[in-house]
Amino acid sequence: MIEFFVANGEKKIEKMDEITKGCWINMTSPSEDEINLVANKLNIPVDFFKDALDDEERSRIEREDNNVLIIVDFPYITHDDAGLPIYETIPIGMVISEDCFITVSLKETPILGDFYNNKIKGFFTNKKTRFALQILFSISTYYLRYLKQINKKTDEIERGLHLSMKNKELYALLALEKSLVYFTTSLKSNKIVLEKLLRLNHLKMYEEDKELLEDVIIETQQAIEMAEIYSTILSGMMDAFASVISNNLNMVMKFLTSITIILALPTMVSSFFGMNVDLPFQHKPYAFSLILLLVVFLSGLTTFIFWKKKFF
């Protein structure tokens, strides 16, 4: 899919029908024909687009002639076979040419959606460097947002784990820990690209552009630190709660064993007095009451002993 937009910061973004100078070209999982159309029209290497569509592509910045390619990873949410949320990352390419600004990705992302749905005010599609920095800042913001969601889900799972005897919660924590590994790796790669942008002269930047880029680097560094902290906490939590689940199961087994022993006493006494042989008190009129009292006494005594020993 390929879309064309124009925004000048003063009014709502406009959707165009064709490529115009100063427009933003948003390409989501484009076809071969769409890639060739844009590449030939704007004299951009085809590899710029194909590299951005490789889900294993590393974050980097590259310049060829007057075209600059910036590839970074952005976060998105998916689900595993059990329906548990997994936060993953995928590359997005930003191509800055002389006439247009192009974004290329395999999946739609709410990060770009905020721009073409008029949720971001005051951006210009013809100010390509500033636009790229605004997208990078938005990506960093989404990383922080998703990290907070991961932390919130961790707290919810933790509350359920205190009484749990199943592995479902541990699987959920494992999915979140996997997400944090993805985030940490991608954020560190993104930070390297951002620092190169600040250090090299691939893009012409004014003083306010440099300040915005420095803000993006700070946000990215904060996200890295948060991801590493959450990952450490989550790893320790999984080890601790694996023991908690095992301990909960042991407590249940101890309780059930105690109940089994208490219920076995009446059965044992009744079995003795139910045999077809001469037994004490068998001819007495109060024999049944005496046996019943004996059963209650033995069961009560056993229950008291188990209670004192905190078996339940």
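For the numbers below, each heavy atom of this structure counts, side chains included, while hydrogens, waters and symmetry mates do not.
- With hydrogens and angles ignored, the 3.5 Å screen pairs a side-chain donor or acceptor of Thr185 with a backbone N or O of Val181.
- Note on Val46: it clusters hydrophobically with Ile2, by side-chain heavy-atom contacts below 4.5 Å among ILVMFWY residues.
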- Does the side-chain contact (heavy atoms from CB on, under 4.5 Å) test come out yes or no for Tyr230 and Leu176, once each step is laid out? CA-CA 10 Å; Tyr230 291 161; Leu176 293 179; over 6 Å; no
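- In this structure, Phe74 is not a member of the same hydrophobic cluster as Ile192, with clusters built from ILVMFWY side-chain heavy atoms closer than 4.5 Å.
- Inter-residue side-chain proximity for Leu213 and Leu194 is flagged as met; some heavy-atom pair is nearer than 4.5 Å.
- Here CD of Glu88 is found 9.5 Å from CG of Asp55. Values are rounded to the nearest 0.5 Å.
- A 4.5 Å side-chain heavy-atom check between Leu136 and Val72 finds at least one atom pair inside the cut-off.
- The two residues Val104 and Leu53 have their closest heavy-atom pair at CG1-CD2, 3.6 Å.
- Evaluation of the salt bridge (charged side-chain N to carboxylate O under 4.0 Å, His left out) rule for Glu34 yields no partner, not counting sequence neighbours.
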- Task: For side-chain contact (heavy atoms from CB on, under 4.5 Å), just list the numbers for Ile96 and Asn67, CA-CA rounded to whole Å, side-chain angles, deciding distance to a tenth of an Å, and then say yes or no.
- Result: CA-CA 6 Å; Ile96 301 174; Asn67 302 308; over 6 Å; no
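- In terms of heavy atoms, Ser140 sits closest to Thr220 at OG-OG1, 3.0 Å.
- With Ser179 as the fixed residue, the side-chain contact (heavy atoms from CB on, under 4.5 Å) test singles out one of Ile77, Ile86, Thr78: Ile86.
- Tyr206 and Phe124 are members of different hydrophobic clusters when ILVMFWY side chains are connected at heavy-atom separations under 4.5 Å.
- A salt bridge links Glu228 and Lys188; the closest N-O separation between the charged side-chain nitrogens and carboxylate oxygens is under 4.0 Å.
- How far CD of Gln221 is from CD of Glu195: 8.0 Å, rounded to the nearest 0.5 Å.
- Between Glu208 and Lys210 no salt bridge is recorded (no basic side-chain N to carboxylate O distance below 4.0 Å).
- Ile92 is not listed as a side-chain neighbour of Asp73, based on a closest heavy-atom distance of 4.5 Å or more.
- There is no side-chain donor-acceptor pair under 3.5 Å between Ser59 and Ser189.
- Counting all heavy atoms, side chain and backbone alike, Thr257 lies closest to Met253 at OG1-O, 2.7 Å.
- Criterion: ILVMFWY side-chain heavy atoms under 4.5 Å apart, direct or through other members. Under it, Leu263 and Leu256 are part of a common hydrophobic cluster.
- Taking CD1 of Ile224 as the reference point, atom CD of Glu219 lies at 12.0 Å (rounded to 0.5 Å).
- A salt bridge is defined here as a Lys NZ or Arg NE, NH1 or NH2 lying under 4.0 Å from an Asp or Glu carboxylate O, and Lys50 with Glu32 meets this definition.
- The shortest heavy-atom contact between Cys100 and Gly22 is SG-N, 4.5 Å.
- Counting heavy-atom neighbours within 6.0 Å of Glu64 CD, excluding the residue itself, gives a total above 12.
- Pairs of residues two or more places apart, or lying in two chains, that qualify as ring-ring contact (aromatic ring centres under 6.0 Å, His included) and include a residue from residues 129-152 are Trp24-Phe131, Tyr87-Tyr146, Phe101-Phe131, Phe115-Phe131, Phe123-Phe131, Tyr142-Tyr146, Tyr143-Phe183.
- A heavy-atom distance below 4.5 Å is found between the side chains of Ile111 and Ser138.
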- Item | Chi angles and distances behind the side chain to side chain donor-acceptor pair (under 3.5 Å) call for Thr103, Asn26 | CA-CA 5 Å; Thr103 54; Asn26 182 37; 2.8 Å; yes
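- The CD1 atom of Ile150 sits 10.0 Å away from the OG atom of Ser231 when rounded to the nearest 0.5 Å.
- A 4.5 Å side-chain heavy-atom check between Lys15 and Phe4 finds every atom pair outside the cut-off.
- Residues Ile135 and Val6 share a single hydrophobic cluster, defined by chaining ILVMFWY side chains whose heavy atoms lie under 4.5 Å apart.
- The CG atom of Asn151 lies 10.0 Å from the CD1 atom of Ile229; values are rounded to the nearest 0.5 Å.
- Applying the salt bridge (charged side-chain N to carboxylate O under 4.0 Å, His left out) test to residues at least two apart or on different chains, none of the pairs has a partner in residues 95-105.
- Salt-bridge check for Asp51 with Arg60: passed, with a basic side-chain N closer than 4.0 Å to an acidic carboxylate O.
- Residues Met94 and Leu69 have side chains not in contact (no heavy-atom distance under 4.5 Å, counting atoms from C-beta outward).
- Judged by distance alone, the side chain of Asp54 and the main-chain N or O of Glu56 form a donor-acceptor pair under 3.5 Å.
- A distance of 12.5 Å separates CG of Leu133 from NZ of Lys127, quoted to the nearest 0.5 Å.
- Within a 6.0 Å radius of CG in Asn36, other residues, nucleotides and ligands contribute more than 12 heavy atoms.
- Between Ile139 and Thr109, the closest side-chain pair of non-hydrogen atoms is not below 4.5 Å.
- Considering all non-hydrogen atoms of both residues, Thr28 and Lys107 come closest at CG2-C, 3.7 Å.
- For Glu3 and Tyr116, the side-chain atoms include no donor-acceptor pair closer than 3.5 Å.
- By the 4.5 Å heavy-atom criterion applied to side chains, Ile102 and Leu42 are counted as neighbours.
- Counting all heavy atoms, side chain and backbone alike, Val193 lies closest to Ile71 at CG2-O, 4.1 Å.
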